[in-house]
Amino acid sequence: MNSIINQHFDSIEARLLQSSVIVAYEVLSREVSLKDGKLRIKATLGDSGMLEIFEYDVEVNGHIRLMKYSFHWQNVQATLQKRWDNAPHYPHLPNAPHHVHNSDGTVEAHTLIPDALYVIGEIERASQR
């Protein structure tokens with residue numbers, strides 16, 4: 001088991017527990033090998049919305065490299081609020097394949113490579129507006 005990736009996954013779970021917008025979560029899968037790891041979580045938000053987290057991480061020279069991800073946030077009516085992912089279906093966007101799907105159906109480039117911790121913070125900031 002890779003201790004760096006395992007610690008990263010632990011920090012995501014700790015952040016979910018500390019978050020003011022997460023009321024419950026379920027780890028659907030957590031697989032950590034010597035070189036990489038996959039984490040899939042489904043979280044319930046305080047407004048009865050949902051956040052689905054998927055990360056595939058690889059450890060390279062003591063650092064975590066996020067290889068594949070999808071963070072899907074929807075409201076109680078199952079309407080998309082935002083989804084950050086790096087599926088290669090928008091190659092024309094700057095910083096492809098990293099992009100975000102917005103609630104209005106638009107898709108835009110995402111200059112930062114988000115992780116679960118970033119996304120939880122974004123949802124918390126949105127709930128304060």
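On a predicted model such as this, the values are computed, not experimentally measured, just so you know. We're numbering straight along the sequence, starting at 1. The figures that follow rest on heavy atoms only: side chains count, while hydrogens, waters and symmetry mates do not.
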Checklist line | Stepwise side-chain contact (heavy atoms from CB on, under 4.5 Å) check, Val76 with Asp47 | finding: CA-CA 7 Å; Val76 67; Asp47 63 0; over 6 Å; no
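- The side-chain heavy atoms of Val107 and Asn102, taken from C-beta on, include no pair separated by under 4.5 Å.
- Ring to ring, Tyr90 and His101 are close: their centroids are under 6.0 angstrom apart.
- Side-chain heavy atoms closer than 4.5 Å link hydrophobic residues (I, L, V, M, F, W, Y) into clusters, and following such links, possibly through other members, connects Tyr25 to Val21.
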Item checked: Full working for side-chain contact (heavy atoms from CB on, under 4.5 Å) between Ile22 and Leu45 -> CA-CA 5 Å; Ile22 308 291; Leu45 306 177; 3.4 Å; yes
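- In this structure a side-chain-to-backbone donor-acceptor pair under 3.5 Å is missing from Glu59 to Ile4.
- In the hydrophobic cluster analysis, where Ile, Leu, Val, Met, Phe, Trp and Tyr join through side-chain heavy atoms closer than 4.5 angstrom, Tyr56 is grouped apart from Leu34.
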Next item on the list: Please test Phe71 against Lys82 for side-chain contact (heavy atoms from CB on, under 4.5 Å), starting from the C-alpha separation and ending with a verdict.
Entry: CA-CA 8 Å; Phe71 308 107; Lys82 280 195 178 207; over 6 Å; no
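- Under the 4.5 Å side-chain heavy-atom criterion for grouping Ile, Leu, Val, Met, Phe, Trp and Tyr, Met67 is not connected to Leu117 through any hydrophobic cluster.
- In this structure, Val100 is not a member of the same hydrophobic cluster as Leu80, with clusters built from ILVMFWY side-chain heavy atoms closer than 4.5 Å.
- Scanning both residues, Tyr69 and Asn86, for their nearest heavy atoms gives N-OD1, 3.0 Å.
- Residues satisfying the salt bridge (charged side-chain N to carboxylate O under 4.0 Å, His left out) test with Glu31, not counting sequence neighbours, are none.
- Using a 30° and 60° split on the angle between ring planes, His99 and His89 fall in the perpendicular class, above 60°.
- Distance check: Ser48 OG to Gln77 CD gives 9.5 Å after rounding to the nearest 0.5 Å.
- Shown here for Ala109 and Pro94, the closest heavy-atom pair between the two residues is CB-O, 3.1 Å.
- Inter-residue side-chain proximity for Ser20 and Glu124 is flagged as met; some heavy-atom pair is nearer than 4.5 Å.
- At least one side-chain heavy atom of Leu16 sits under 4.5 Å from a side-chain heavy atom of Ile53.
- How far CD1 of Ile64 is from CD of Glu55: 8.0 Å, rounded to the nearest 0.5 Å.
- Ring centroids of His72 and Phe54 are separated by 6.0 Å or more, keeping the two rings apart.
- For the pair Asn95 (side chain) and Thr111 (backbone), a donor-acceptor distance under 3.5 Å is present.
- Looking only at side-chain heavy atoms (C-beta outward), Ile120 and Leu51 come within less than 4.5 Å of each other.
- Within a 6.0 Å sphere centred on CG of Asn61, heavy atoms belonging to other residues, nucleotides or ligands number 12 at most.
- Closest heavy-atom contact between Ile5 and Lys35: CD1-O, 3.8 Å.
- Contact between Pro97 and Pro88 at its shortest, heavy atoms only, is CB-CA, 4.1 Å.
- Side-chain contact between Asn2 and Asp36: absent, with no pair of heavy atoms (C-beta onward) separated by less than 4.5 Å.
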Note to self: Walk me through whether Ser3 and Asn6 qualify under side chain to side chain donor-acceptor pair (under 3.5 Å).
What the structure shows: CA-CA 5 Å; Ser3 62; Asn6 203 44; over 6 Å; no
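- Not counting sequence neighbours, the partners of Asp85 by the salt bridge (charged side-chain N to carboxylate O under 4.0 Å, His left out) test are Arg83.
- Follow the hydrophobic side-chain contacts under 4.5 Å out from Leu66 and you reach Leu39 in the same cluster.
- Taking the six-membered ring where the residue is Trp, Tyr118 and Trp84 present perpendicular rings, their angle passing 60° and hence far from 30°.
- For the atom pair CD (Gln74) and CE (Met50), the distance works out to 3.5 Å, reported to the nearest 0.5 Å.
- Between Asp10 and Arg30 there is a salt bridge, since at least one side-chain N of the basic residue sits less than 4.0 Å from a carboxylate O of the acidic one.
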